[in-house]
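Please read the structure below before turning to the comments.
None of the values given here were measured: they were computed from a predicted structure.
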Protein chains: 2
Amino acid sequence: MVDKTSGVPAFRQVAADLRGRIEAGEYAPGTKLPSERELVEAYGVSRPTIRDAVNVLRSEGLVTAEHGRGVFVRPPAMIQRLSRSRLSRAARERDQGAFLADAAAKGFTASSSVKVRFESADDRVAETLAVDVGTEVTVRDRVMRANGLIVQLAVSRLRREFTRGTAVEEVDTGPGGTYARLEEAGYAIGHFVEHVGARMPSPEEASALQIDQGVPVVTVTRVAYGEDGTPLEMNDMVLPADRYELSYEWPAE
Amino acid sequence: MVDKTSGVPAFRQVAADLRGRIEAGEYAPGTKLPSERELVEAYGVSRPTIRDAVNVLRSEGLVTAEHGRGVFVRPPAMIQRLSRSRLSRAARERDQGAFLADAAAKGFTASSSVKVRFESADDRVAETLAVDVGTEVTVRDRVMRANGLIVQLAVSRLRREFTRGTAVEEVDTGPGGTYARLEEAGYAIGHFVEHVGARMPSPEEASALQIDQGVPVVTVTRVAYGEDGTPLEMNDMVLPADRYELSYEWPAE
DNA sequence: CAGTGGTCTAGACCACGGT
DNA sequence: CCGTGGTCTAGACCACTGA
């Protein structure tokens, strides 16, 4: 029952009470909450109010609603750990393997499909690749799947002049991938920089990645620089935040 | 006006239309959307339906509602770039300076307050610090402000046996901070690892960090290891995702 | 004070899932 | 088929903002 004299909105009181019961383990991960009509009885408020309360918990990522079934406490997702600062040449030999081999080891059927296109650099691309706006860039649009489920989106961009006549403009870049082809073309990688942020997904991303309400995406922009400091490639990645954790490591000195 | 025959829910049609106008620049960042009552007229649906539509945009982080004033297109926040892999001894001399000096350079009045307490390690802490569950740990709870606004929460934990009798157990750790005191006590830092993720804030975090609906938090757990690989300190940081970007850099080889 | 968003009700009908 | 969540209405009153 809610306290109408407290000044706290009814739907927040209900949300707080349910949240408390979830955190206390009364509703364990994976279990179903009482139906909305039952909650109407229990708390003595109308259904829209109950729905407001449940929506609070949904946007906090605590529960998910399944049409026709009920509202369930969201179990913690299987987290994929991505170790960075491991893109050494040796590791790169195994190529995209990072993703594919990793998944294979876990018994997943992983796949990845690529579309190649060309476009002209907008402000952001021009700035990161240190070119003029409008410069032609090669774009590799990549969708990664595990068990048929899309788990990661990646868009890689390079100045067209670095890729012309190489397999980087093909769907299959060959052994060693993009970085190996760049190196063959005389552009060896000097260092990497990754910019990491997070935000709520766009509707397109949410449906592509099958993200439900209350789960943000982690955005990673990796820039590969040549040995002379020229930016060679930028890679924009979008990951569902509930399925990934990124790890970075560096020496203290 | 909404199309009731399309099968797409009315509130989603309204949300999509408003989103399109925002992205097209018809409603520029910072400007006010038409009032809910005006939207009721414009789209020919009831107010709760309009509110559902606006709520979609709110949880996407596109707009913010201000009671008594209106709904506004959220302007991009001033982004603070945090460069990692820069915790070298030289840089550490400047101490917490990273945060304080940075803010000062931007004309902020920055401050940071610390509470010290002791607790026993739970599962997660025990695992990261490689100790038994229940081991006594020193906890430094830190709140960082810029212009009076809380911008970052950080909780640092160390095995009590490493800090006993040192200034690490004081509010003011002295010049060079925690790491300098650890080093004096014979525990030099060998390397750092950071684990980065994102999620929606808890209600407490949301109000402390003054985050509004639709903005996730970035979580960073930094672990400092000794030269022999012993974990010395773990630092859990929580940052509003719309105000921070993390950058990591490493050589290709 | 008028205009804004915030909360809430008491219904109604629809779409989906599982029996 | 029944129970579930999903959508929607037509109001009502409150709390906040700014002129």
> Out of D:dA10, C:dT7, C:dG5, which nucleotide sits closest to the side chain of B:Pro48?
Replying inline: D:dA10
> Heavy atoms, side chains only, cut-off 4.5 Å: are B:Val56 and B:Arg19 in contact?
Replying inline: yes
> Would you say the base of D:dG5 and the side-chain of A:Arg37 have a donor-acceptor pair closer than 3.5 Å?
Replying inline: yes
>> Could you check whether atom CD of B:Glu66 has more than 12 heavy atoms from other residues, nucleotides or ligands sitting under 6.0 Å from it?
In response: yes
> Which pair of non-hydrogen atoms, one from B:Thr49 and one from B:Ala10, has the smallest distance, and what is that distance?
Replying inline: CG2-CB, 4.0 Å
> Does a side-chain N or O from B:Ser35 land closer than 4.0 Å to OP1 or OP2 of C:dT4, or not?
Replying inline: yes
> Once you round it to whole Å, what is the distance between C1' of C:dG11 and CD of A:Glu36?
Replying inline: 15 Å
>> If I take atom CD in residue A:Glu66 and atom C1' in nucleotide D:dG3, what distance separates them, rounded to the nearest angstrom?
In response: 15 Å
>> What contact category does A:Val71 fall into here, base, sugar-phosphate, or nothing, at under 4.0 angstrom with non-hydrogen atoms?
In response: sugar-phosphate
> Tell me: CG of B:Asp3 to P of D:dC8, nearest whole Å?
Replying inline: 12 Å
> Does OP1 or OP2 of C:dT9 have a side-chain N or O of A:Thr49 closer than 4.0 Å?
Replying inline: yes
> Between A:Phe11 (CZ) and C:dG6 (P), how many Å, whole number?
Replying inline: 9 Å
> Between D:dT9, C:dC8, C:dC16, which nucleotide has the shortest distance from any of its atoms to the side chain of B:Ser46?
Replying inline: D:dT9
>> Can you measure A:Phe72 atom CZ to C:dG18 atom P for me and round it to whole angstrom units?
In response: 9 Å
> Quick one: does A:Arg47 reach the base of D:dG6 with a side-chain donor-acceptor pair under 3.5 Å?
Replying inline: yes
> Between C:dG6 and B:Arg51, is there an OP1 or OP2 to side-chain N/O distance shorter than 4.0 Å?
Replying inline: yes
>> Can you confirm whether B:Val116 sits close enough to B:Val139 that some side-chain heavy atom of one is under 4.5 Å from a side-chain heavy atom of the other?
In response: no
>> What is the distance, to the nearest angstrom, from the CG atom on B:Asn55 to the P atom on C:dG5?
In response: 12 Å
> More 5' along DNA chain D: B:Gly44 or A:Ala65, using each one's nearest nucleotide?
Replying inline: A:Ala65
> In whole angstroms, how far is the C1' atom of C:dG6 from the CG atom of B:Asp212?
Replying inline: 16 Å
>> Could you tell me how far apart A:Arg69 (CZ) and D:dC2 (C1') are, to the nearest whole angstrom?
In response: 16 Å
> Contact class for B:Val45 vs. all strands (heavy atom < 4.0 Å): base, sugar-phosphate, or nothing?
Replying inline: sugar-phosphate
> Side-chain contact, heavy-atom cut-off 4.5 Å: A:Tyr248 with B:Leu246?
Replying inline: no
> Taking for each residue the nucleotide of DNA chain C with the nearest heavy atom, is it B:His67 or A:Asp52 whose nucleotide lies nearer the 5' end?
Replying inline: B:His67
> Hey, does the side chain of B:Lys4 come within less than 4.0 Å of D:dT9's phosphate (OP1/OP2), counting only N and O?
Replying inline: yes
